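For reference, the structure is listed below as C-alpha cells.
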Amino acid sequence: LSSASLIGRYNDEAGQAKRLKHIDRIHSAVHSLTGLLEDFLSAGRLEEGKVQMHLQEANLEEKLRVWTTEFRETTWKGGEILFSSSGETDFQMITDLRILHNILLNLLSNAVKYSNEPIAVQVQLSRRDAVVLISVSDKGMGIPEKDQEHLFERFFRATNVTNIQGTGLGLHIVREYAELLGGTLSFISKQGLGSTFTVILPITGAESPHTGLIHPQMA
C-alpha cells in the first residue's frame, strides 16, 4: 500500500526509476499474498475432501517442458532452471493436469526460494516400468537432518528458513496431491548442499495400485 501511494509522487521523467522500484515491490507483494491464499485454500479443500479429479490423457514430457519454461520466464531471480528427460521413453499417461501443474510449481518455487544466486535448478523426468518419476533438484540451503522427519507436517518449517516467508503448507499439499494421483512424494537433502524432491506416479492414472512404486536412492 505504501508503494502504491508513493508511485503517485513520482509523476515526472526523473522519477521513473523510483516508480519501477515500487511497482516491483507491489508485484512481489501480490505474488506472495496470492501464494499464501492458494496454500490455505488448497489445504482446506484437501482436508474436506473437496478436490475433484479431472483425469485426461496427455504427454507428460511436453507438459513439464512447457511448465518449466513458463516458470523460468516469470521467476524473479537469475540462474538456470533446466528440464531434461529420457527422451526415448513414452511419457503418454493419464493424470489430472491441473493438480500435476500445481505440484511442479510448488516444488519449483521452493527450489528457487531456498537457493542463493546464481540459482541452479534441474527438473528431470524418467520412467521405470509402470511409474514415472519427476524430480526437482536444487543446490540450495538444504534441510537440517533433525527437521526432515517433520517436513510434510502442516505448518512445519525447517529451522534454517525461518527468515524466509512461507506458510509451512507447501510440501504438505504436494504430498497430498501426489497421493490423490495415486503416487508418492519423497526427498533427499543435505544441509548446505541442496535437495531433491521426487514425485512418483503410476503411468495409467490415479486409480492404479500403489504397489511396486520405486523410491529414489541417495546418489
Side-chain angles (χ1 to χ4, degrees), residues 32 35-51 53 64 71 77 81 95-96 99-116 119-202 206 208-219:
S32 297
L36 291 172
L37 290 172
E38 185 58 38
D39 279 355
F40 280 106
L41 288 171
S42 295
R45 287 193 293 264
L46 285 163
E47 184 175 330
E48 295 170 12
K50 293 183 177 179
V51 178
M53 301 284 288
L64 291 179
F71 182 88
K77 290 185 178 182
I81 302 175
T95 190
D96 185 310
I99 290 177
L100 192 58
H101 188 208
N102 286 338
I103 288 174
L104 181 67
L105 289 185
N106 206 308
L107 292 179
L108 281 173
S109 296
N110 277 356
V112 170
K113 183 191 301 185
Y114 301 123
S115 292
N116 296 319
I119 290 171
V121 174
Q122 180 76 45
V123 180
Q124 294 180 305
L125 174 64
S126 60
R127 178 173 175 175
R128 298 182 190 173
D129 300 324
V131 298
V132 293
L133 295 87
I134 305 167
S135 296
V136 178
S137 304
D138 65 68
K139 298 179 180 178
M141 60 181 61
I143 304 159
E145 187 173 352
K146 65 178 181 177
D147 294 335
Q148 293 187 12
E149 63 178 306
H150 304 291
L151 199 60
F152 298 129
E153 296 174 6
R154 293 182 64 181
F155 304 114
F156 178 81
R157 305 198 72 215
T159 53
N160 61 335
V161 301
T162 53
N163 62 329
I164 301 174
Q165 186 175 4
T167 61
L169 283 171
L171 289 175
H172 169 78
I173 291 169
V174 169
R175 186 180 66 171
E176 294 292 313
Y177 276 155
E179 291 178 354
L180 272 179
L181 295 179
T184 61
L185 172 66
S186 58
F187 72 96
I188 53 176
S189 183
K190 277 190 171 294
Q191 188 170 4
L193 297 178
S195 304
T196 295
F197 285 85
T198 300
V199 181
I200 309 165
L201 301 174
S208 297
H210 294 205
T211 57
L213 293 182
I214 302 168
H215 293 265
Q217 302 297 319
M218 176 72 79

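Not measured: the values here are computed from a predicted model. Side chains are part of it too, since the values below use all heavy atoms of this structure and drop only hydrogens, waters and symmetry mates.
- Inter-residue side-chain proximity for Y114 and V161 is flagged as met; some heavy-atom pair is nearer than 4.5 Å.
- Paired with V136 under the rule side-chain contact (heavy atoms from CB on, under 4.5 Å), one option of I103, V123, T196 passes, and it is V123.
- Rounded to the nearest 0.5 Å, atoms CD1 (I200) and CD1 (I134) are 10.5 Å apart.
- A 4.5 Å side-chain heavy-atom check between L201 and L100 finds at least one atom pair inside the cut-off.
- Atoms OG1 and CD, on T184 and E179 in that order, are 8.0 Å from each other to the nearest 0.5 Å.
- With sequence neighbours excluded, the residues forming a side chain to side chain contact (heavy atoms under 4.5 Å, CB included) with L105 are F71, H101, listed by chain and number.
- Rounding to the nearest 0.5 Å gives a distance of 9.0 Å between CG of L107 and OG1 of T198.
- Taking both residues in full, the closest heavy atoms of G142 and S195 are given as CA-OG, 3.7 Å, listed atom of the first, atom of the second, then distance.
- By the 4.5 Å heavy-atom criterion applied to side chains, N110 and N106 are counted as neighbours.
- Side-chain contact between V132 and V199: absent, with no pair of heavy atoms (C-beta onward) separated by less than 4.5 Å.
- Counting all heavy atoms, side chain and backbone alike, I143 lies closest to A158 at CG2-CB, 4.4 Å.
- Here the side chain of R157 pairs no donor or acceptor atom with the backbone of T159 at under 3.5 angstrom.
- For the atom pair CG of D138 and CD1 of I119, the computed distance is 9.0 Å after rounding to the nearest 0.5 Å.
- The NE2 atom of H172 sits 12.0 Å away from the CG atom of L151 when rounded to the nearest 0.5 Å.
- Every pair passing ring-ring contact (aromatic ring centres under 6.0 Å, His included) that includes a residue from residues 132-153 is listed here, sequence neighbours excluded: H150-F156, F152-F187.
- Considering CG of L171 and CD of E153, their distance stands at 12.0 Å, rounded to 0.5 Å.
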